[in-house]
Structure formats: C-alpha cells, structure tokens
Amino acid sequence: MNAGSLFADLILPLPLAGLFTYSIPWELQSKVAIGKRVVVSFGGKKIYSGIVKNIHNNPPEDYEVKDIIACLDETPIINHLQFSFWDWISDYYQSNLGDVYKAAIPAGLKLESQTKISYREDFTAEARLSKTEELIITVLKSSKDVNIQTLTQASGLKNVLPQIKKLLEKGAIEVEERILSSYKEKQIKYVRLHQSIKEDEIGEKLNSLNRAKKQQEILFSFLNLSKIGIAEVPEKVTATELLLNSDSTSSILKALVDKQILEIYFESTDRLDFSDAEINPLKELNQHQAQAIKEIREGFESKNTSLLHGVTSSGKTEIYIHLIKEQIDQGKQVLYLLPEIALTTQIITRLKHVFGNKVGVYHSKFNDAERVEVYNNIQQNNPDKSYQVILGVRSSIFLPFSNLGLIIIDEEHENTYKQFDPAPRYHARDAALFLAHLHKAKTLLGTATPAIETYANCKQGKYALVELMHRYQDIKMPEILLADLKEAKRKKRMKSIFTPELYEEINTALEKKEQVILFQNRRGYAPYLECKSCGWVPHCENCSVSLTYHQYNNQLTCHYCGHSTQPPQSCMQCESTNMVDKGFGTEKIEDELRIFFPQARIARMDLDTTRSKTAYEKLIYKFENHELDILVGTQMVSKGLDFDHVSLVGILNADSMLNFPDFRAHERSYQLMAQVSGRAGRKNKQGKVIIQTHEPKHPIIQSVIQNDYVGMYQTQMSEREEFIYPPFYRLINITLKHKNNGLLTQAANMLAQSLRKTFGIRVFGPQAPVINRIQNYYIVNILLKIEKKSSPAKAKWILNREANNLKAIERFKMVMVQFDVDPM
DNA sequence: AGCACGCCGACT
DNA sequence: GTCGGCGTGCTC
C-alpha cells in the first residue's frame, strides 16, 4: 500500500446514484479492503454500513471527505464476481448500485443507525417549556431507549424533530446515534450437572430429592437423556427437551439449579439444520429421461444454455438431481432457482434425500437472521459445512457464490422471476444467465411451457433445445373438455358459477373419492361491488381502481395499495341499498362449493390464505393426504405441484385471462391453462380438465386442448413480429409520476417528443395505464421499442440524456422518471 | 431515502 | 406571534 492518504469509494444502501468517497484513517488502513463493510456517517448524523468498491489515493476536490469510522469485516463479504454482477445489473436495468446493494444483501448485514433520545437528569429549566416540550419530556422520563418513531407514537405529535432540536439547544435532552446489528447468533439453552458434582455422587443426590418428586423426575430424565455413566461422551441436553421429556416446568428446573445440582449454559448455534438427513442413492432414470440428460450434456458441449422442454409430470426434477450430482462431485456449486417459495417445500425434501445437508434454501419467508446465516455459510465456502446446492427464489442470484458450475432455472417462463418494485427491476432468469457467464457455468432452463423469448432463442440456435414429451410412468395426458358459458347461460342451465358439465364432473369425482382442483385467476370474493340502480362502483381513494370485496373480513380492499374500508351500506351516489357483487373470485367459488357440495372438504389457496410461513405447507400436506376433496385457488395451484389423486381440474373462467390488455396475455393464458391442466392425471387413469369459456373457438384454447405448444408459439411469433414486440424488439418502459396530473401530462408529452427525435416511430405513448393513480401519484407510461440488433447501451444513454434534459426544466424537476428494462 | 431549511397559512 | 404543512436541496 502507498504511503499518504488513502480513499475508499463506497456503495451506500441508499437509492442514490454514484459512489461516495471517504478517507481511510491511518489506523484502519491495514483493515479496510475491497468487498468489506465499513461504517460511515452520511448526511447530518445518520450512520450506514457501506461496501468498499475500490481504494485509491486521489483526493476529491469539490468537497470535504469524511473519515471511515470503522471496518466491520475481517474478510470481504462481497467477492469480485459479485461486483461484476452488481455492475451489470445496475447498468442493464438502469438502477443505482445502492439499490442493488439493498436488494442483494440480507438486512442483517446492512447496518443503519437509529437516534436514541434521552432526558438529562441534571437539567434545570431557565425558562418555561412549552406544552409540547413538556409532553416530550414526560414521555422521555417514563421510558428508556426512545427513538424518533416511538417518540412520535407516544407523544401523538405529527413532527417531533423541531421540538427535539429546541430541547437539545436548551440542554434538556441528549441524543445519540446507535448502530443496531439486527443479527444475533441464536443461543441454545443447555443443561448439565453442576460442576461440583462427581459422577459417583449422583445416586446420593437422587435420594436427597425423595421429598421433591418433580425435581427427582427432572434429574432422572436428565440422566436418561445425557446417558451419563453409560455413554463414553455424554449427550448434550437442551433445556427444552429436558422439560418436554420430564413433563415439568422451568420453575422446577430452576429449583434444581438453585440447589446446585444442575446448571444452565448457553451455546450459540446456527439456525440452519445441519443434521444428517438420510442419504439415498440416485433414482435411475427411465429411458426418456436418460435420453434427455444425454441431449442436455451434448447441448452443453457447444452451448452454455439449454432448455429442457418437458411436459408436466415428465420427471424433470430427477434429471436436475442427476446433473446436480455431477457438479457436486466436481466440487462445484449449483444454484437451483424456483419462481416462488411455495414450490420449495416439495422439492427441498427430494433434494435432501439425495444431497443431505449439502442443500441450502434461501427465500423471503426466512427471517433475516436465517438469511444472514445462509449468506455467511456460502461466503465462507467451507468444504465441510458450506452448502453446495442452493435452492432459492429470485433474490438468491445475489448470494456470494465463488464457484458455480450449473444454474437450473425451473419453471423458466414464470413472471415472478421479474422484480418490479422496488428497483433494481431485474429478471432473475436473464440475470442468472449473465451470472453463469461470469462463473463460466452452464444454465439449464426447464419448463413445460417455455416463454416465447426462450423458445425463440432455441430456434435461433442460441440455446440447445431438449424435448421430453413423455410423462413419468407413462401417465396419459389429461383429456381437456370445453364448457360453453354462453350457451349454458342462454339455456339458463348454470348452477351459480358452474356449468352443468363442470358440476356433473365434480359430483362424479367426489363420488369416486377423487380430488378436484378448481382454478380462478382472481382472489377475493367479488372483483367489485356495483349499485344496481345507478351503476356506482366503490373505488380506492388513493388509486384509480375499484375495490375488491372480501367476505371473510367483510372489507373492501385495494389490491394495489392495500387500503381497506367497510363496504358502504348504501350507494354513495344515489343512496340505494341495492349493492350487488359483480364477477367472482376464489373466495366466492369456495362459498358456492359449500352450498352445492356440502359434504365435500374444501380449502382455498391464494395470497389471503397462505400469508403465514407454514400455511402453504399445511394446505399442501392436507391435500396430499387426501384430507381435502376440493382445492380452489389462484395461479398458486398451477405451479409444479404433483398430487396423486387429482382426477379433475376445472378452469372457471378462461376469458378473463385471454382478454387481459397485454401483449403477453395469450402466452400467459396458454401457460396457465396448460400448467393447471397438468395437475390432473394419476397413475392408472387419465385425468380430466374442464375449461369454462364464452369463446370455445379461441385459438389459444384450441392450442391448450391439442397440447400444441409449437402452434401457439408460431402464432404468437407472427403476432409479435407484426406488432413489434419481443423477442423481435427490446422494450423499455418509461414511467413518469407526479401528484399533479396536468403537469405530468405536459412532462410526458415533452419527453416523448424529444425521444421521437432519435427513436421516431419506436416511441409509443405517453399513455395512462389502466390504473392511472396509485397512492395519490398520477402515472403515465412511455414505451420504447428498440430493434434487437441495435445497441441497448446507446439507447439507454440517449434515454438518460433526455430524462435529464426534462428534469433540467424548473417545473418538471419534481416529476419522477423511472425505467423498466424488459418489462413484464 | 432521510433530514434540514425555509416559506406559508391558521390556530392559541 | 408559534405550529405544522410541504416544496426544495443535499448528502462523500
């Protein structure tokens, strides 16, 4: 290292462009290094942990540098591959490095200070304090560890900051910035014999407890559990298992501790389970799977990416497992991406059977401490303890891999891989392809219904294509039948929301003790309420959407901002009390089912019923164990779950998906219907699918019936080409937001005009989206379609220039402009 | 994102 | 006159 002043450029966890330079004080020069976290103060008083991106000796000229306060890490927590990856994400998706940092690192590793306020005992008032000041003092005197938020709450004041400032000047209070490390190692409470007791004294001690039966029992259990005197090395006994085993309480245990017979000690532990799962050999592949794996390997010889296009239930997971095994044997890491947590449950069990504790899981329902532990585990890259396979969702692409050999992206077509809010708006599938490139690893995409873009890449020879068209154990593809809603309604044969066809089939299935899955792409009870006299519909007061009626809590809820209100007793416009619900969601289906099939055991699976960590697993478990007859759900039921006893799948309304105003609506409908149909079918019997629709002749529905992916692909491709959409063109969506709609329109028109100078007819809009106001901000979109072969970097450069020009105009300064590259 | 500063209307 | 609203600008 050079003599003289050293400076470090930091990434701070803030939505700000650029890096921030700090000086490295002499005593930290040996510790601070690229990839480590350092503590700095930023702005007035706030303290953050930044990541050192680079170190240099060019003193900044335009401002005064601050010192780095401390260095947090012994070894870097970000490796050079991650830095390259972050740079790529930031550049490609046009987001700040700070935003990438925020998305990439678990919160427990991002320290942020909190202001602690306390009353000064030695304070004597020179002048009278105002009422609000007195109020604050009272709150401070009555509690300790007060921060701004708790003070605001306790005092009921809107803005406490000016008051704090005044009290600070008067010397009545003091404030302190304290950094909170949210992550703590988990401590486990163990029990052992008190140090003073020798093994041969135990019998004596037991006798001494003759008059304290409960205590004696605990000691007995302890001796049993610890195997003292029997085993060479006694077993560790946790307090929890001891109490459970002896059926007693902690107060009885405490009595023994007080008598100095037992003692309590703590050991920190990983929250993660390293217990040895039973390791089973690989299952042998059937001939179709074996052929597929052979083709995948051949594909990888010449290409870095392969698509495994395998019909539902074709046994793709088993193929993945074989490929993972090969990588682990070579000492490489594997990342196995899934679109959502929901799917991990079934697959984690299968992976653990083969790879035991080499498998790690990472998803958003983990608490923060668990996420920190997974992160650290991979970062340490310890051959005995570190995970070799990570099963994770979107955000696991940011884990500190050092040696990836293979990335598997299961259900590759799923749009949950695209992050929308907050920035960075990355697509995990596309980002993973770059990640693989950085690691010189291979990528395997797997799905029964490839994204049009992905299939097009195969057809162009960029990816290898492997087809697996046989279902596992030769289960037949389900028989798909249509039920014409129009006709049933005209003939008045509908039973509520069920066509006679669907109704009959549900009945038959129930009689045969078979299971049914019903799918509706809409949660809640009814999409909206409507006044029968005047047509008034309740809307969200912050957003421009109608409110969805939820019956379970009798609330009208906005699915955009979460705002909830009581449904109005009468129409707010004409005061009629004749409010009716329109359309139907999963909740209403569940209700109707209970009326028509009172004997059936019914459950609903959607966002509302699976909020807790285990709710989803419990539902799946119940359904698998045949404790349920009918499962009603949203897209959740379409995703990769394999059940053995489902003979019937019903799609209640195919039209709502097909008519969605988006260029991907048809592709998406095909994928949903094909995926949910795939849930039907069992070992010895062909499954049945009933699609209720007003348009039985719709080409997408016809493709679903004929299981004709390629036909659907070709139609879509010609439409995409004609209407200039991906994969022929690259999309960038520009969103402008402002509270004043008029100003917003002016700004958007101006930006669109200036973009047209360069991009001409490739600029579409500005157009207000269907929902043109969210949380009091009006929204407009401008869509840019760029030719695939032109340089995206140059387009983005021009885009930024024009956006900056717009912001340079005084009255448009406050207009928010954000980009979404490859929007979904 | 926070947070400070400064300007303005509307209350004791 | 002060309190609290919000628009604006800055942070190495």
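What you see is a predicted model; the values in this text were computed from it and never measured. Residue numbering restarts at 1 for every chain, and letters A, B, ... go by the order of the sequence lines.
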message: Here's one to test your reading of the geometry: is the NZ or CZ of A/Lys785 within 45 degrees of the ring axis of A/Phe764 and under 6.0 Å from its centre?
response: yes
task: Specify the separation, in whole Å, of atom CD1 of A/Ile47 and atom P of B/dG2.
output: 15 Å
message: Below 4.0 angstrom, which residues in residues 9-22 of chain A have at least one non-hydrogen atom near DNA chain C?
response: A/Leu16, A/Phe20, A/Thr21, A/Tyr22
field: For A/Ser395 against A/Tyr426, the heavy-atom pair lying closest together
entry: CA-OH, 3.6 Å
task: Classify the side-chain pair A/Glu340/A/Thr416 by whether it contains a donor and acceptor separated by less than 3.5 Å.
output: no
query: Do A/Arg429's NZ or CZ and the ring of A/Tyr417 fall within the cation-pi criteria of under 6.0 Å and 45°?
result: no
Please tabulate, for the side chains in residues 68-78 of chain A, all donor-acceptor contacts under 3.5 angstrom to protein atoms that are two or more places apart in sequence or on a different chain.
{"from": "A/Asp73", "atom 1": "OD1", "to": "A/Arg37", "atom 2": "NE", "distance (Å)": "3.3"}
{"from": "A/Asp73", "atom 1": "OD1", "to": "A/Arg37", "atom 2": "NH2", "distance (Å)": "2.8"}
{"from": "A/Asp73", "atom 1": "OD2", "to": "A/Arg37", "atom 2": "N", "distance (Å)": "2.8"}
{"from": "A/Asp73", "atom 1": "OD2", "to": "A/Arg37", "atom 2": "NE", "distance (Å)": "3.0"}

message: Check whether A/Tyr101 forms a cation-pi arrangement with A/Lys53 (NZ or CZ under 6.0 Å from the six-membered ring centre, at most 45° off the ring normal).
response: no
message: Is any side-chain heavy atom of A/Tyr92 closer than 4.5 Å to one of A/Lys796?
response: yes
- prompt: Can you tell me how far P of C/dC3 sits from CD1 of A/Ile136, to the nearest Å?
  reply: 10 Å
message: What is the distance, to the nearest angstrom, from the NZ atom on A/Lys102 to the C1' atom on B/dG2?
response: 11 Å
- prompt: Strictly under 6.0 Å, is that where the ring centroids of A/Phe42 and A/Phe20 end up?
  reply: yes
- line: A/Glu61 atom CD is separated from C/dC12 atom C1', nearest whole Å, by 14 Å
query: Separation of A/Tyr48 atom OH from C/dC10 atom P, in whole Å?
result: 18 Å
- request: Check whether any side-chain nitrogen or oxygen of A/Lys66 sits under 4.0 Å from OP1 or OP2 of C/dC12, and answer yes or no.
  value: yes
Protein-nucleic acid N or O pairs under 3.5 Å, nucleotides 7-9 of chain C:
{"from": "C/dG9", "atom 1": "OP1", "to": "A/Lys813", "atom 2": "NZ", "distance (Å)": "3.0"}

- line: note: A/Phe42, atom CZ; B/dC3, atom C1'; distance rounded to Å ~ 11 Å
